[in-house]
Amino acid sequence: MSQTAATEAPPAGALPAHDDVRDDAREGTGGTDAAPAARPVRKPRLFARNAVSFVVLWALMIAVPFVAPNFYVVSLVNLFLIYVILIASLNLVIGFCGQISLGHAGFFGLGAYASGILSAKFGLTPWLGLPAAALAGGLGAFVIGLPALRLHGHYLAMATLGFNAILVVLFNELIPLTGGPNGLLGIEPFALGPIALDTDETVFWLVWIVSLVVMIAIANLVDSRMGRSLRAIGGSERGAASLGIDTYRTKLATFAIAGAMAGIAGSLYAHVNLYVSPETFSVFPSIMLLVMVALGGTGRLWGPIFGAAVFIAVPQVLLDFADLELLLFGLAMLIVLIGFPAGIAGLADGWRRWLK
Amino acid sequence: MSGESIAAATGDILEVAGLSRNFGAIAAVADLSFKVREGEVKAVIGPNGAGKTTLFDMIAGVTAPSSGRITLAGERIERMPAHKRVDRGIGRTFQTLQIFTEMSVLENVVVGHYPRGHSGWVNALLRLPSGLSEERREREHAMALLERVGLADRANDRAGDLSFGDRKLLELMRALATGPRLLLLDEPAAGLSHAGAERMMEIVAELNADGLSVLLVEHNMRMVMNLSHDILVIGNGRFIAEGTPDAVRTNPDVIAAYLGEDEDA
């Protein structure tokens, strides 16, 4: 500090005219015609930070249907991409906005059942089911967030967990619609004209493009005015409020957007799997999603990609251990979370800095 | 700097009348009334527990008053939520820093432009050109503010990596970015080195010279006496004295209640 004071005291004349700041505010023009900054400011990129690297990664994944040794691997990649959407949208709420949610699988379920029921019971095309699922997930999150986001920390966690539990009860009990504990059968696949996307290789393209669009939207959001305001809440809610940010509304909007994205993931899941049942959307998957956010790297754009990869790959690796699988999984997670609290993405950042 | 320079003040930016706040049976602030004139630096001093923080929180909108009125430039604001008061022109810093440590230094100040921004959620998700040009203007303006306190070189660093003193300057510039008419400074010199406090004092004086009204809570008496046009002294949430630094310094009630205990201040 003393160094700053000693070396960087500019003459008063060098200051930008302060009046400009206030005049802008009063006129509400949003214009900021300050004295030209002596230092050039980097223009905002046309494409958001990380959006380009997402495009590159997704471009590499084009090869998957061609190089995958069997359809099972493709089906795993489909599931991976669906979970990327889920974990990335939850990361928006937890990592960037700093709000704990233990009900994300519930919104996933709302989307899956909305799209699935519309298809199986009403014969509606999945192309309309997909936006309906986004609406169901977003609206569900909005309605739940309305009371829950008045709460903080553990209370918010408990409230969202409770709502998830209620949703599971509904999925189980509304048997005429949901099929109850036996699950919902008769869901139609996506179709392009006469071609049904009913194999893992064909539906891959749909999952691929939708997940890419969602990830670009998230990269855009994080690097925007509203994104900065929700990240500010994650940094300090009091600080954010002191800058004119309506923290409650911003949290609610973030929650709803994340819920809508989870709904989209749900629709993809329903029409890829062609079957949904309540346990996929229960409290335990919600907790797993939260763990995957942390494991991948909380509040890091690349975190969910690592988180989803672990979520899909590790059970495959541990398959031979049968009952020991869950135990080893849990143990590995514990080690990572204690040893590397910034998650895998944080670890990668650390290496990059070390290499420089 | 003294009271004479604002003798021709145009009016009151802030008026507090009969303001009280009770926590249970305890009156943290009791029937306080005072004014901040446009372009003035007003300090609120008092021993620990005098109610300064509660008073600040009520003006900023963090704590609701039990009774009384708060008027900002003619508009009643005591029932207004905190974020709306920012739109009306109240900017603030915190006694315990509330910067966004995970964001860059520049981003911290860019967020401060929020009240003047327009782009919403759709713009955010689709990254529309209008949002980008708004962001460019905000960045330029934020950079000019950072230059003002010598932090332009650190613009792309993580805010949490700044020194404590730099973080205080950053928080001040972030508050300034909202375009305030009245700046609430909660112990701006606390925790700073002597040089840091001098620098902070210089900057606040410059902001005031540009026309910004300031309400200051501060324990650093050198800063209070040098910066303030007017000082309000409170103790146990009640009014003790009010006047120019010289008048307050020699007021027997003040000496008894406050300065007497703190000879070296």
Side-chain angles (χ1 to χ4, degrees), chain A residues 1-2 4-10 12 14-19 21-26 28-39 41-44 46-48 51 217 220-221 223-229 231-232 234-236 238-247 253 257 299, chain B residues 60 82-83 86-87 89 92 94 98-103 107 110-121 123-127 131-132 134-141 143-144 147-148 150 152 163-166 174-176 178-179 181 192-193 195-196 198-199 202 206-207 210-212:
Chain A
M1 183 55 226
S2 57
T4 309
T7 58
E8 296 179 340
L15 300 177
H18 176 70
D19 283 351
V21 179
R22 285 180 301 132
D23 290 348
D24 285 345
R26 292 315 121 214
T29 58
T32 46
D33 45 4
R39 200 170 306 252
V41 179
R42 199 178 53 217
K43 271 169 66 174
L46 187 57
F47 299 103
N220 285 348
L221 176 58
D223 202 12
S224 71
R225 171 170 177 261
M226 298 320 275
R228 277 186 293 274
S229 71
R231 285 161 61 206
S236 158
R238 290 173 65 199
S242 82
L243 304 177
I245 295 166
D246 185 340
T247 56
I257 288 172
Chain B
H83 63 91
V86 181
D87 292 341
R92 75 168 297 184
F94 294 87
Q98 300 291 332
I99 63 161
F100 314 127
T101 53
E102 296 302 317
M103 296 167 79
E107 277 180 316
V110 169
V111 182
H113 293 76
Y114 187 86
R116 283 179 274 174
H118 298 285
S119 71
W121 292 99
N123 202 314
L125 290 165
L126 302 181
R127 202 171 177 81
L132 294 185
E134 180 177 271
E135 184 177 334
R136 188 180 53 78
R137 286 196 303 272
E138 289 177 356
R139 278 194 191 190
E140 283 170 1
H141 195 259
M143 191 58 109
E147 296 243 356
R148 187 166 194 163
S163 70
F164 179 76
D166 284 348
R174 187 184 71 180
L176 208 57
T178 64
R181 311 168 71 177
L192 293 181
S193 65
E198 292 289 309
R199 175 97 181 94
E202 234 171 72
E206 283 167 13
L207 296 177
D210 288 343
L212 189 61

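Chain letters run A, B, ... following the sequence lines, proteins first and then strands; every chain starts at 1.
- Across A/Gly244, A/Ser224, A/Ala241, the residue that shares the most heavy-atom pairs under 4.5 angstrom with chain B is A/Gly244.
- With sequence neighbours excluded, the residues satisfying side-chain contact (heavy atoms from CB on, under 4.5 Å) with A/Ala253 are B/Trp121.
- Looking only at side-chain heavy atoms (C-beta outward), B/Val111 and A/Arg231 stay at 4.5 Å or farther from each other.
- Ranked by heavy-atom pairs under 4.5 Å with chain B, the first of A/Ser242, A/Gly227, A/Gly234 is A/Ser242.
- Of the two parts of B/Tyr114, the backbone and the side chain both hold a non-hydrogen atom closer than 4.5 Å to a non-hydrogen atom of chain A.
- Heavy-atom distances place both the backbone and the side chain of B/Ser119 under 4.5 Å from chain A.
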For side chain to side chain contact (heavy atoms under 4.5 Å, CB included), just list the numbers for B/Arg92 and B/Phe94, CA-CA rounded to whole Å, side-chain angles, deciding distance to a tenth of an Å, and then say yes or no. CA-CA 7 Å; B/Arg92 75 168 297 184; B/Phe94 294 87; 3.5 Å; yes
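- Put simply, of A/Leu221, A/Asp246, A/Leu46, the one with the most heavy-atom pairs under 4.5 Å next to chain B is A/Asp246.
- Qualifying side-chain hydrogen bond (donor to acceptor under 3.5 Å, both in side chains) partners for A/Asn220, counting only residues two or more places apart in sequence or in other chains: none.
- In this structure, B/Glu140 does not pair ionically with B/Arg137, as no charged nitrogen and carboxylate oxygen lie closer than 4.0 Å.
- Proximity to chain A is absent for every atom of B/Ala60, based on heavy atoms less than 4.5 angstrom apart.
- Considering only heavy-atom pairs separated by less than 4.5 Å from chain B, the leading option among A/Gly239, A/Gly235, A/Ala217, A/Ala240 is A/Gly239.
- Interface remark: of the candidates B/Gln98, B/His83, B/Arg174, B/His83 forms the most heavy-atom pairs closer than 4.5 Å to chain A.
- Atom CD in B/Glu135 sits 11.5 Å away from atom NE2 in B/His113 (nearest 0.5 Å).
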